[in-house]
Amino acid sequence: QVQLIETGGGLVQAGGSLRLSCAASGRTIITDDMGWFRQAPGKEREFVAALNWSGNLRYYADSVKGRFTISRDNAKNTVYLQIASLQPEDTAVYYCAAKSRLGNIYSRAAYDSWGQGTQVTVSS
């Protein structure tokens with residue numbers, strides 16, 4: 001089992017930027033698809049972005065396209081989410097997840113390891 005720890009969240013003004021990091025330990029994630037999800041208060045956890053194991057395919061929710069960028073550094077066993085032009089509606093707990101098996105990369109159910117999340121709060 002892989003352990004995932006997210007860092008980089010915080011309070012930022014609208015229009016600001018953050019870089020979230022997800023450090024993996026316990027095993028390498030080099031063969032995993034990696035995803036970011038978020039959950040706002042009172043809402044279901046939703047897909048934000050994902051990157052396939054080889055790093056050549058990126059997937060984004062329509063609401064974040066053009067503002068969020070997912071990347072990975074396999075040497076550091078770490079995945080990143082660069083967030084720009086933050087808006088109040090981006091306020092949520094952001095979770096990193098690893099998918100080691102076949103499955104829908106957009107679906108929460110396909111991911112078998114999750115981090116504890118990092119809070120992102122955007123003030124208007």
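With rounding to the nearest 0.5 Å, the separation of CD in Q3 from CZ in R27 is 9.5 Å. Rounded to the nearest 0.5 angstrom, L86 CG and L11 CG are separated by 10.5 Å. Atom OG of S107 is separated from atom NZ of K99 by 9.5 Å, given to the nearest 0.5 angstrom. Here R58 contributes atom CZ and R72 contributes atom CZ; the two are 10.0 Å apart, rounded to the nearest 0.5 Å. In this structure, the separation between CZ on R67 and CD on Q82 is 12.5 Å, given to the nearest 0.5 Å.
When hydrophobic residues (I, L, V, M, F, W, Y) are linked wherever their side-chain heavy atoms come within less than 4.5 Å, the members clustered with Y111 are F37, F47, L57, Y59, V93, Y95, I105, Y106, W114.
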Run the side chain to side chain contact (heavy atoms under 4.5 Å, CB included) check on V2 and I29 step by step: do they pass?
-> CA-CA 8 Å; V2 63; I29 56 170; 3.9 Å; yes
Would you please test E46 and R38 for side chain to side chain contact (heavy atoms under 4.5 Å, CB included) and show each step?
-> CA-CA 5 Å; E46 65 175 3; R38 66 185 181 186; 2.7 Å; yes
So I70 and W36, side chain to side chain contact (heavy atoms under 4.5 Å, CB included) or not? Walk me through it.
-> CA-CA 8 Å; I70 187 171; W36 285 94; 3.6 Å; yes
Y94/I83 under side chain to side chain contact (heavy atoms under 4.5 Å, CB included): CA gap, chis, key distance, verdict = CA-CA 11 Å; Y94 283 71; I83 307 175; 4.3 Å; yes
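The backbone N or O of A24 sits less than 3.5 Å from a side-chain atom of N77, completing a donor-acceptor pair. Side-chain N or O atoms of E6 include one that pairs as donor or acceptor with a backbone N or O of Q116 at under 3.5 Å.
V79 and M34 get closest at one heavy-atom pair: CG2-CG, 3.5 Å. Across all non-hydrogen atoms, the minimal contact from L4 to C96 is CD1-O, 3.7 Å. Considering every non-hydrogen atom in both A40 and A92, the closest pair reads N-CB, 3.8 Å.
Between T78 and D73, the side chains place no donor N or O within less than 3.5 Å of an acceptor N or O (distance only, hydrogens not considered). Checked by atom type, the side-chain pair S85/Q87 shows no donor-acceptor distance below 3.5 Å.
When side chains are defined from C-beta on, F68 counts as touching L81, because their heavy atoms get closer than 4.5 Å. Residues W53 and D32 fail the side-chain proximity criterion, which asks for heavy atoms closer than 4.5 Å.
Cluster annotation: V12 and Y80 are assigned to distinct hydrophobic clusters (Ile/Leu/Val/Met/Phe/Trp/Tyr, side-chain heavy-atom contacts under 4.5 Å, transitive).
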Result block: side-chain N/O donor-acceptor pairs under 3.5 angstrom for residues 13-22, not counting sequence neighbours:
none

